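Single-structure report; data block below.
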Amino acid sequence: MTAAAQTATYREALREALADAMRADGDVIVMGEEVGLYGGAYGVTKDLIGEFGAARVLDTPISEAGIVGVAVGAAMTGLRPVAEIMYVDFAGLVMDQLGNQAAKIRYMFGGQTGVPMVLRTQGGTGRSAAAQHSQSLESWFAHVPGLRVVMPATVNDAYHLLRQALTKPDPVVFIEHKALYVSKGTLDKDKPDAPWGAPVLRRAGGDAVIVAYSRMVHEALAAAETLAERGVEAAVWDLRCLNPMDLDPILESVRACGRAAVVTESCLTGGFAAELSAQISEHCFDRLEEPVIRIAGEDVPIPVAPDLEAASIPTPGLIADAMAWLVSREAPAWA
Amino acid sequence: MTAAAQTATYREALREALADAMRADGDVIVMGEEVGLYGGAYGVTKDLIGEFGAARVLDTPISEAGIVGVAVGAAMTGLRPVAEIMYVDFAGLVMDQLGNQAAKIRYMFGGQTGVPMVLRTQGGTGRSAAAQHSQSLESWFAHVPGLRVVMPATVNDAYHLLRQALTKPDPVVFIEHKALYVSKGTLDKDKPDAPWGAPVLRRAGGDAVIVAYSRMVHEALAAAETLAERGVEAAVWDLRCLNPMDLDPILESVRACGRAAVVTESCLTGGFAAELSAQISEHCFDRLEEPVIRIAGEDVPIPVAPDLEAASIPTPGLIADAMAWLVSREAPAWA
Amino acid sequence: MSDVARASNRPLLDLYRTMRRIRSFEERVGEMFVRQGTAGSMLHLSIGEEGVAGVCAAMEDGDSFTTHHRGHGVFLARGGEPGRMLAEIGGKEAGYCAGKGGSMHIADMGVGHLGANAIVGGGIPHAVGAALSYKTKGIDAVSVAFFGDGAMQQGLLYESMNMAALWSLPVLFVCINNQYGMGTRIDRAAANTDFAARAEAFGLAGRHVDGSDVEMVLETAAAAMTTARSGTPGLLTMTCYRFFGHARMDKSPYRDAAEEAEGRGHDPVAAARARLLDRSEAREADLDALDAEAAQEMDAALDWALAQTQPPGAAMFDHVYAPDEPPPQPLRDRLSDVLREYR
Amino acid sequence: MSDVARASNRPLLDLYRTMRRIRSFEERVGEMFVRQGTAGSMLHLSIGEEGVAGVCAAMEDGDSFTTHHRGHGVFLARGGEPGRMLAEIGGKEAGYCAGKGGSMHIADMGVGHLGANAIVGGGIPHAVGAALSYKTKGIDAVSVAFFGDGAMQQGLLYESMNMAALWSLPVLFVCINNQYGMGTRIDRAAANTDFAARAEAFGLAGRHVDGSDVEMVLETAAAAMTTARSGTPGLLTMTCYRFFGHARMDKSPYRDAAEEAEGRGHDPVAAARARLLDRSEAREADLDALDAEAAQEMDAALDWALAQTQPPGAAMFDHVYAPDEPPPQPLRDRLSDVLREYR
Ligand SMILES: Cc1ncc(C[n+]2csc(CCOP(=O)(O)OP(=O)(O)O)c2C)c(N)n1
Ligand SMILES: Cc1ncc(C[n+]2csc(CCOP(=O)(O)OP(=O)(O)O)c2C)c(N)n1
Ligand SMILES: [Mg+2]
Ligand SMILES: [Mg+2]
């Protein structure tokens, strides 16, 4: 921790990152619905319009595909746009501009130009916002060659990953978590937690490895606390970046203990947890004592009823139960 | 094979399925770009407008999101639309109507109504159609709870899976392969290859299991021929349905031989091959002699140059090399 | 007295009653939120937009509709039961959608409510699709797509309007122009706010009406519905003012008090009341009684809804697919399968 | 003589030359396909649409543009080298995009070609984004989005037009209305085909021009460019006729010979030639020489392109990300990692 360290919320860290990037680089602009006068649906862009003016903080109409498409063109011609899509659930409106255009332009044009833009959005459950405002859709983006995908879990990462994203030559999908905006932590502007692409060990433990990202890092950490009381020491890795992704340190750690779980809020089938599970099995095959398990969201649309919503994604209790079973062969009550 | 068996192309089988379904059920309508007068970009709907008229075979404007959205509303009110999206690459334009609307309406509305529609589309490489007309995007759909996803590899499946899809109460994404339209095979209208959801063993073999679907079934079969010459007997399973999916017979077969590969044309990272790999590892863990390997498309946009395009997806040669390595520990030349 | 708005021999009084019920209902939604009885805070009140009752009254039994995230008023006016609506808004099992959908996904196939939608513009093509069903099957019905001014900037609307016009479908697009999309005033979202002109350019009949005059709304909507029923789809824009914030947490700091006062001056409920008195179509006491009746109805509905329970855990897996179809496997079962296999 | 179309003191002759080059070029594309030198058959010829040279001539150095799948003519008129264009169409390493993109994704940042697009309407907002850059950075340039009539039915166009008008961006939308989207005649795709009215309704300046009169195209486009440059975006619709099938395999069975004959009668190249002769601005022999010169140029370009080679296998992984960034790992390496680890 350096002298510059301070306590901040995830929301404040994101705002700071945008403001600092805009101060440092006159080509950075922010655009999206309600990013200006309103200050962002979740307050991330609060007052930016005051400091940087309406020419660099553009309130847009409710035209998601257009927003991303305009950002693509702007990025090809000298600006570095941060386009905000209010909810990741609206991805279905922009996947063409994101997946067919932003992601592929460098390749299709033989390297003539890049599309240095950041698409900021947020996802996840926690507000009883129902099926169209609560999803975790990172798996779609992570399956598109050409898109970088990052999902910060901590305050410091919120700041640094966004600053780093704003120096990258390729499009970055930056996914925040709505339940983390009010979370507090240490922001040290001089000290990123790790380089771009690298995972971070958030808790050491020799009995099993848990790999998570975004909000699930915290649920995994909570589970690890419970597990410690039950005599099981779980390591918790925060993936941070889905692309680029450096799995090697995690693989090392899995090889050492032979047991691993992947935890995502995203629903199980066809989700990024499968990619992580497959890679771990591929690379740690002869060191695994048990199959890699996936603890993920249920394969259902997110229900609005608060109890059902909460039960539709992994909880610390479920994670702890599953890990204890994996490590100690104690079947939980629900088994 | 019954008396009704005949030789047909994949394209003809699909057309027959549509025509028979329209004859059997007056609520079935076909809508999409060029499905009428033009007869379909790939000729699947040829002359349907002649038999069923323009009220049941609707040529639409180039409005993909609108087409799917209109089909959703029609499906909720008594029609059974087959909406065609000319290329699966245009999925990015319709993912909202498909993933947020069609897939979730039954759930969000507490079971009050379903959305019995079929979205027909086609994907894959093989025509030097470049990055926006050659993709394999089934992994996006398979990650959406509420959507059924099927991908026929054979002439008989083209017919029967489409007929079955047109009796289902929930939205089905039906993905054809552009390189298969001219493929020939036996069409037996009285005899589906297997029930909806079940995989089919296309070739027996006791040394290793290959799981594939759509065009890759044929590449896997070609690889298996080569492998047989090299003394390796590979079983080839055709998955057919990604959702619903019954993996049990395949898991049995993997348990028996301890070696498995998953082959998809879809690019590797975050693709459905990871789901299959993860499930096989989860369920066959203590029977696996080797890690499950994934043989998939390269993580690149599809290049237009024919040689590069061909090299961007698994070939029989690559599959055979990898399988030989997996089974006999012979490293191929490229290793 | 039926709770579906419809033309009658005392149209203004009926409309007044419908509007008063909407307002009372929305006030209870606010109260429910304060009492922490709602499922979350994504609650968009239609106070100020009650003139939409005029459109609803111009609809007939058998007509269907889709709404947006601010659709309580329309649903109520088309026959929604306040208790089951509030239960749904609370995520309760007794709600219209069994507590699965909530405020933004409320629906009732029984009255032709094909669903509210949380995607701006998302439900618009569904109404077009319903109209396609009617035309194809020879059913005499119109489908109405209700949405906000914000949706005028969603491309899907134009794809939908074009198809509706091209195929001469019985559909009416109704833009409830409350001047704002969240914090963005319409003139900061649209370069040209003459939306009727947009509709005309797409081959539809474009109409505009002042939403604070519910009689005029009924009259204009009736004409639009007739045109739509005969196969010429139309767009009807109803101007009004969003009296409160966008959702429950929004205090509208982006607009000033003077503007709000002026906006709230265009109160369709107050205007109808004044006109009823003015024309001696009702006495003050009658209207007070009617108001009290609405308040009581909604109080009772709220009490009932608050007493309802959330759906049981097992309901999670219902309705992802049709009842007889293979359902998703719960995560616990999948974990059990994996972890038991190797014991 | 430069190969970028531009205003000159002999405008019609220059425009004629540009149009003749386009036609000769497209004929070579057809020949290249027959000789199996193209990468696939997704080749959309702009024969009949050469009047677009007038729009290109109204553009200035520094202006940028995006095109659709039928954009060879525009690119050529804006300075594309026929050899490198044909090489790209053939998927050759020497092509504009190193053989990665092909006909539908040809681009050249050097002349401001921000890219062709295979998604109908897909490139439209990119031109708006470029215009946003110009405005934000104070650059005096206009960006032009070229697209077909089919794109008039894509919602994204209206989102793009609205933003352009709302923000007063220097962008011109150009709809090359060749009457067809594949096999669908425009009146079977759009309920109202007065597209200028659509633009006006969105706050843009709508203009229409007959594409067979290239001088009129230039004049109208020049006015539209001036308006756009001053911050009022516009839509210019140019009517023409798609002389041949949609792509190389399409024989247009959905339209009859009489219609085709009539359509091909509106030949912008022939019309310009006749007018040049009529006005004695050129002699038959001069024009024949010019035609021959264009033919020779394109023959040489085709020979050169056919002699080029496809990109090497290793090129597969270039350009997915920027050169210094972590590239994707080839599948063979990944398989090797997995299968070697356990030997
Ligand atoms: C596609 C989409 N974009 C953005 C949002 C977030 N959002 C919800 S309501 C709203 C404003 C909508 O304004 P309007 O259509 O005028 O309806 P109103 O809220 O005024 O009734 C926005 C931006 C959304 N739900 N869907
Ligand atoms: C979004 C999208 N939908 C459909 C297609 C398939 N398609 C390619 S060109 C075309 C017709 C386009 O017509 P128009 O825009 O008029 O251009 P033209 O071919 O006449 O030049 C269609 C339907 C596509 N490439 N992209
Ligand atoms: Mg509004
Ligand atoms: Mg056209």
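Note that this is a predicted model, so its numbers are computed, not measured.
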Can you tell me how far apart [atom1] ([X]) and [atom2] ([Y]) are? Round to the nearest 0.5 Å.
X: B:M108; Y: C:E88; atom1: CE; atom2: CD; value: 11.0 Å
X: B:D59; Y: C:W167; atom1: CG; atom2: CH2; value: 9.0 Å
X: B:F109; Y: C:D108; atom1: CZ; atom2: CG; value: 11.0 Å
X: C:H113; Y: B:T113; atom1: NE2; atom2: OG1; value: 13.0 Å
X: B:L79; Y: C:K135; atom1: CG; atom2: NZ; value: 13.0 Å
X: C:T136; Y: B:M31; atom1: OG1; atom2: CE; value: 9.5 Å

Please find the pair of heavy atoms, one from [X] and one from [Y], that lie closest to each other, and give the distance.
X: B:P169; Y: C:A322; result: CG-CB, 3.3 Å
X: C:V338; Y: B:H283; result: CG2-CE1, 3.9 Å
X: B:T77; Y: C:Y134; result: CG2-OH, 4.4 Å

Inset, instruction - Heavy atoms only, distances under 4.5 angstrom: which of B:G197, B:G78, B:A55, B:G114 has the most pairs with chain C? Name it, please. - result: B:G78
Legend entry - Among the listed options B:R56, B:Q97, B:Q279, B:M76, the residue most often paired with chain C at heavy-atom distances under 4.5 Å: B:Q97
Largest heavy-atom contact set with chain B, pairs under 4.5 Å, which of [options]:
options: C:D318, C:L169, C:V128, C:V320; result: C:V320
options: C:G115, C:G95, C:A98; result: C:G115
options: C:G101, C:P326, C:P323; result: C:P326
options: C:T66, C:L157, C:N117, C:I106; result: C:N117

So what's closer than 4.5 Å to chain B heavy atoms on [X]: side chain, backbone, both or neither?
X: C:M316; value: both
X: C:A116; value: backbone
X: C:P328; value: neither
X: C:L166; value: side chain
X: C:L114; value: both
X: C:A107; value: both

Inset, instruction - Identify whether NZ of Lys or CZ of Arg in B:R148 sits under 6.0 Å from the centre of the six-membered ring of C:Y321 and within 45° of that ring's axis. - result: yes
Quick one: what part of [X] sits under 4.5 Å from any heavy atom of chain C, side chain, backbone, both or neither?
X: B:K168; value: side chain
X: B:A65; value: both
X: B:I105; value: side chain
X: B:N243; value: side chain

Legend entry - Between B:Q112 and C:H319, a side-chain donor and acceptor under 3.5 Å: no
If only atom types and distance count, is the side chain of [X] paired as donor or acceptor with the main-chain N or O of [Y] below 3.5 Å?
X: C:S133; Y: B:A74; result: yes
X: C:N162; Y: B:P61; result: no
X: B:Q101; Y: C:G123; result: no

Inset, instruction - With the side chain counted from C-beta on, respond yes when C:K137 and B:D27 share a heavy-atom pair under 4.5 Å apart, and no when they do not. - result: yes
Inset, instruction - Evaluate the side-chain contact (heavy atoms from CB on, under 4.5 Å) criterion for residues B:L58 and C:L132: first the C-alpha distance (whole Å), next the side-chain angles of each, then the deciding distance (0.1 Å), finally the verdict. - result: CA-CA 11 Å; B:L58 268 87; C:L132 178 65; 4.0 Å; yes
